[in-house]
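The structure that follows is given in the form of C-alpha cells.
Owing to the predicted nature of the structure, the values given are computational and were not obtained by experimental measurement. Chain naming here is simple, since letters A, B, ... match the order of the sequence lines and numbering starts at 1 in each.
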There are 2 protein chains.
Amino acid sequence: MPSNGLDPIDRKILAELQADGRMTNVELAKRVGISAPPCLRRVRTLEEQGFIKGYHADVDARSLGFEVQVFVMVGLHSQAKDDLTAFEDQCRSWPLVRECHMLNGEVDFLLKCTAPDLSSFQTFLTDELLTTANVESVKTSLVIQEAKDVPGVPFDVLEARLQKTA
Amino acid sequence: MPSNGLDPIDRKILAELQADGRMTNVELAKRVGISAPPCLRRVRTLEEQGFIKGYHADVDARSLGFEVQVFVMVGLHSQAKDDLTAFEDQCRSWPLVRECHMLNGEVDFLLKCTAPDLSSFQTFLTDELLTTANVESVKTSLVIQEAKDVPGVPFDVLEARLQKTA
DNA sequence: GGTGAAACTTGGGACAG
DNA sequence: CTGTCCCAAGTTTCACC
C-alpha cells in the first residue's frame with residue numbers, strides 16, 4: 001500500500017521540487033540518485049497526473065506593499081447547495097480573497113485576505129463582502145504576526161507513515 | 001511614490017514568476033519586453049533583495065495522501081512576550097502545522113494543519129498541542145471543501161492602486 | 001533505467017546610449 | 001545604470017539501447 005502508485009524516487013522528486021522549484025533537472029537527478037532523462041520523464045508524468053499543479057515564485061507580500069492580512073469568518077443565511085456555490089464563485093472573483101475554505105461548525109467559510117492597507121480592506125469589506133446576497137454574519141481577525149508559513153505538504157510525516165505500514 | 005523602488009518591469013517579472021516559477025529566462029524576458037541578460041540581472045537582484053523568497057512546486061496534497069486540513073484556534077493562558085515566542089517556536093517544530101498566525105481579538109493564534117487522515121491529526125491534537133504548556137483553549141474546524149486557494153499576492157490590486165497615486 | 005547528441009538556455013564579457 | 005549583441009559552458013530533451 002504505497003502512497004499513490006508513487007515510488008520513493010517520485011516522492012523524493014516531489015519533496016525536492018517543493019523545497020526548490022527552480023532546481024535544474026540535472027541537479028534534481030543527482031539528488032534523487034538517477035540520471036537526468038528518466039528524472040525529467042518522471043517530472044513530466046507527475047505534472048501530467050496532477051501531482052504537481054504548478055510552480056510559483058514565493059513573493060514577499062510585505063515588501064511589495066501588502067501590509068495587511070486578514071482572516072474573515074463568514075456565515076451564510078442559506079446553506080443550500082446553489083447558495084454555497086454562488087458564494088464560492090463570488091470569492092473566486094475577488095482578488096483580495098486568496099483562500100476560501102468551507103468549514104464545519106458554526107461558521108460556514110473562512111477567507112484569507114491580502115490587502116495593501118487597512119483602508120482598502122475596509123472598502124472591500126463594506127462595499128463588496130457585506131453587500132453580497134446571502135451573507136449573514138462576518139467576523140474579521142487581523143493577522144498581527146506571521147509566525148510560520150510553510151508552503152506545501154509535510155513529506156516527513158508521509159514518509160514516517162509509509163514506514164509504519166511497510 | 002512607486003511600489004518599493006520597483007519599476008513596472010520588475011513588478012511584471014514578479015507577477016510572471018509568481019504565476020509560473022519555472023519559466024525560462026528567455027521566455028520571461030520576452031513577456032516583460034526586454035532582452036534576456038538584463039532580465040536575469042533583475043531577477044537576481046529581486047532575489048537578493050528578498051522580493052523573491054524562493055520557488056516551490058505546488059504539490060497536490062489530496063492525491064499525495066493528505067486528506068484532511070484543519071484550522072485550529074488557540075488561546076493561551078499567558079500572553080507575555082516570552083510565552084508567545086515559546087508557542088511560536090513550538091509551532092515551527094510541528095510539521096503538521098503549516099501556518100501559524102498571531103491574531104487580534106479573542107483568539108491568540110490561528111493554525112492551519114495538514115494531515116494524512118483524521119486519526120493522525122487527532123494524535124497530534126491530544127498528544128502534542130493539548131499537552132503544550134500555556135495552551136488554554138483549542139477549537140478545531142475541519143475544512144470540508146477548498147473553494148479557492150491561490151498562492152501569492154494579487155498584483156492586479158497593486159497595479160490598480162499605483163494607477164490612482166500616479 | 002542509462003547513453004550520446006542536437007537544440008536550447010544560462011550567464012558572462014564587451015560595448016553603445 | 002540599463003539595454004543589446006555575442007559566445008562558451010551547461011541544460012534540456014530527443015532517439016535509441
With sequence neighbours left out, write down each residue that passes salt bridge (charged side-chain N to carboxylate O under 4.0 Å, His left out) with A/Asp117, or none if nothing qualifies.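 A/Asp117: salt bridge (charged side-chain N to carboxylate O under 4.0 Å, His left out) contacts with B/Arg161.
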Please output the side-chain donor-acceptor pairs of residues 31-41 of chain A that fall under 3.5 Å, not counting sequence neighbours, one pair per line with the distance.
| from | atom 1 | to | atom 2 | distance (Å) |
| --- | --- | --- | --- | --- |
| A/Arg31 | NE | A/Glu27 | OE2 | 2.8 |
| A/Arg31 | NH1 | A/Glu16 | OE1 | 3.2 |
| A/Arg31 | NH2 | A/Glu27 | OE2 | 3.2 |

Quick one: is D/dC14 close enough that its OP1 or OP2 comes under 4.0 Å of any side-chain N or O from A/Arg41?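 No, no such contact exists.
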Sequence neighbours excluded, which residues qualify as side chain to side chain donor-acceptor pair (under 3.5 Å) partners of A/Glu159?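 Listed in chain order: A/Arg11.
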Could I get the full list of ring pair (Phe, Tyr, Trp, His ring centres under 6.0 Å) partners for B/Phe51, not counting sequence neighbours?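 Checked B/Phe51 against ring pair (Phe, Tyr, Trp, His ring centres under 6.0 Å); zero matches.
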So which protein nitrogen or oxygen atoms get under 3.5 Å of nucleotides 5-7 of chain D's nitrogens or oxygens?
none

Holding to ring pair (Phe, Tyr, Trp, His ring centres under 6.0 Å), I want the full list of residues that pass it with B/Phe121, two or more places apart in sequence or in another chain.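 Here no residue qualifies.
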Inter-end axis angle, the helix from C/dG1-D/dC17 to C/dG17-D/dC1, with every axis fitted to five base pairs (rounded, 10 degrees):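 Rounded value for the end-axis angle: 30°.
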Write down the distance between CZ (B/Arg42) and P (C/dG11), rounded to a whole number of angstrom.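 Those two atoms, CZ and P, are 17 Å apart.
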Rounded off to whole Å, could you give me the CD1-to-P distance for the B/Ile13 and D/dT2 pair?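 In whole Å, D/dT2 P and B/Ile13 CD1 are 12 Å from each other.
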Side chains of B/Asp60 and B/Ser63: do they bring a donor and an acceptor to under 3.5 Å?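 B/Asp60 vs B/Ser63: donor-acceptor pair found between side chains.
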Look for any protein N or O under 3.5 Å of an N or O in nucleotides 6-10 of chain C and output each such pair with its distance, or none.
| from | atom 1 | to | atom 2 | distance (Å) |
| --- | --- | --- | --- | --- |
| C/dT10 | OP1 | B/Asn25 | N | 2.7 |
| C/dT10 | OP2 | B/Asn25 | N | 2.9 |
| C/dT10 | OP2 | B/Val26 | N | 3.0 |

Residues in side-chain contact (heavy atoms from CB on, under 4.5 Å) contact with A/Glu47, at least two apart in sequence or another chain: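 Per chain and number, A/Glu47 pairs via side-chain contact (heavy atoms from CB on, under 4.5 Å) with A/Val43, A/Arg44, A/Ile52, A/Tyr55.
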Residues which pass ring pair (Phe, Tyr, Trp, His ring centres under 6.0 Å) with B/Phe66, listed by chain and number, not counting sequence neighbours: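 Applying ring pair (Phe, Tyr, Trp, His ring centres under 6.0 Å) to B/Phe66 gives none.
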Output side-chain donor-acceptor pairs under 3.5 Å for residues 135-146 of chain A, partner residues at least two apart or in another chain, one line each.
| from | atom 1 | to | atom 2 | distance (Å) |
| --- | --- | --- | --- | --- |
| A/Ser137 | OG | A/Gly75 | N | 3.4 |
| A/Glu146 | OE2 | B/His101 | ND1 | 2.5 |

A/Asp58: which residues meet the salt bridge (charged side-chain N to carboxylate O under 4.0 Å, His left out) condition with it, sequence neighbours left out?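 Scan of A/Asp58 (salt bridge (charged side-chain N to carboxylate O under 4.0 Å, His left out), adjacent residues dropped) gives none.
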Whole-Å distance between D/dG3 C1' and B/Ile34 CD1?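 Result: 8 Å.
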